[in-house]
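Treat the numbers as computed from the prediction; the structure is a model and nothing was measured. In what follows, every chain begins at residue 1, and chains take the letters A, B, ... in the order their sequences are listed.
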Number of protein chains: 2
Amino acid sequence: MSKKIELSDDIKQMAVWAKVMGHPTRLYILKKLSERNSCCYSGDLVDEVPVGRSTLSQHLKELKYAGLIQGETEPPFIKYCLNRENWAKAKILFNDLFKNAI
Amino acid sequence: MSKKIELSDDIKQMAVWAKVMGHPTRLYILKKLSERNSCCYSGDLVDEVPVGRSTLSQHLKELKYAGLIQGETEPPFIKYCLNRENWAKAKILFNDLFKNAI
DNA sequence: AAATCATTTCGTAATTTTGCGAAATATTAA
DNA sequence: TTAATATTTCGCAAAATTACGAAATGATTT
């Protein structure tokens, strides 16, 4: 008799966030936005990050879809910032995972 | 003139770890191993996790390849435990990422 | 030696991800 | 109104991921 479980919502949510963090370009963006809680524009990022414009745009979209960033339109630019509420939730989940590490 | 940068080794390493954490089954395994620094066997896990034996084995292999777990052979079982050294490094990287969160 | 047990590897199919350039959108400037 | 600017969406190809069952491996028991 098997005891297969349905994985918890916390695990699933965290996996979504870990997955979206699992690409160097996206992680770079998150790191940049988290340092001094700054914001940035797609046009600034494209000069720093090793992918083209459309690819960068896709990465931003994924981060947004996962709820880790948000984009305020500030024509003709779009200003991207962290979604601070979810960022705080993510911190709690990751801190908990690592709580017993040295 | 573009200023495309080569992303840092820390970002790359962290992305590898985040990526491997980005699957509910693998995250479940890591969580289980990190809680009370326990170890476990593939055979125990297969009853808990919603995938078959061979798929579980593949996930364990990926976690091992990424350096987050290690498997000691203890015939006829294989005992999987966290790779504590890398787990500690991962903790530092993730803590740093979230340091400015609320 | 044969059967059994725990686990992995192989082969394969379905799906997702990543990346690009071209075209589209939307706003501002000329 | 046309041109220019910032950014996204579309269409597509290549590569990676996920999952499974069958077969293989390696140790142990009969």
Tell me the interatomic distance from B/L56, atom CG, to C/dT8, atom P, rounded to whole angstroms. 7 Å

Round to a whole Å and report the spacing from CZ of B/F77 to P of D/dG26. 18 Å

Given atom CG of B/L45 and atom P of C/dA6, what is their separation to the nearest angstrom? 14 Å

Identify all side-chain donor-acceptor contacts of residues 20-33 of chain A below 3.5 Å with residues at least two apart in sequence or on another chain.
unit_1	atom_1	unit_2	atom_2	d
A/H23	ND1	A/T25	N	3.1
A/R26	NE	A/V20	O	2.7
A/R26	NH1	A/H59	ND1	3.1
A/R26	NH1	A/E62	OE1	3.2
A/Y28	OH	A/E48	OE1	2.3
A/K31	NZ	B/D96	OD2	3.0
A/K32	NZ	A/E48	OE1	2.8
A/K32	NZ	A/E48	OE2	2.7

Any N/O pairs under 3.5 Å between the protein and nucleotides 17-24 of chain C? List them or say none.
unit_1	atom_1	unit_2	atom_2	d
C/dT17	OP1	A/K19	NZ	2.9
C/dT18	OP2	A/R26	NH1	2.8
C/dT18	OP2	A/R26	NH2	3.4
C/dG19	OP2	A/H23	NE2	3.1
C/dG19	OP2	A/H59	NE2	2.7
C/dC20	OP2	A/G52	N	2.8
C/dC20	OP2	A/T55	OG1	3.2
C/dC20	N4	A/Q58	OE1	3.3
C/dG21	N7	A/S54	OG	3.2
C/dG21	O6	A/S54	OG	3.0

If I take atom CG in residue B/L60 and atom P in nucleotide D/dT18, what distance separates them, rounded to the nearest angstrom? 14 Å

Protein-nucleotide distance (B/K79, atom NZ; D/dA27, atom P), rounded to Å: 18 Å

Provide, to the nearest angstrom, the distance between the OH atom belonging to A/Y65 and the C1' atom belonging to D/dT8. 18 Å

For atom CD of B/E72 and atom P of D/dA27, their distance in whole Å: 17 Å

Looking at NZ of B/K99 and CD of A/E35, how far apart are the two atoms once the value is rounded to the nearest 0.5 Å? 5.0 Å

Whole-Å distance between C/dT7 P and B/D47 CG? 10 Å

Heavy-atom pair with the smallest gap, counting every atom of B/W87 and A/A101: CD1-CB, 3.5 Å

How would you list all residue pairs meeting disulfide bond (SG atoms under 2.5 Å apart) that involve residues 45-102 of chain A, not counting sequence neighbours? A/C39-A/C81

Phosphate OP1/OP2 of D/dT8 contacted by A/Y80 side-chain N/O (<4.0 Å): yes

Between B/K64 and B/Y80, which heavy-atom pair has the shortest distance, and what is it? CD-CE2, 4.3 Å

Considering non-hydrogen atoms only, spot the tightest contact between A/N100 and B/S34 and give its length. ND2-O, 3.2 Å

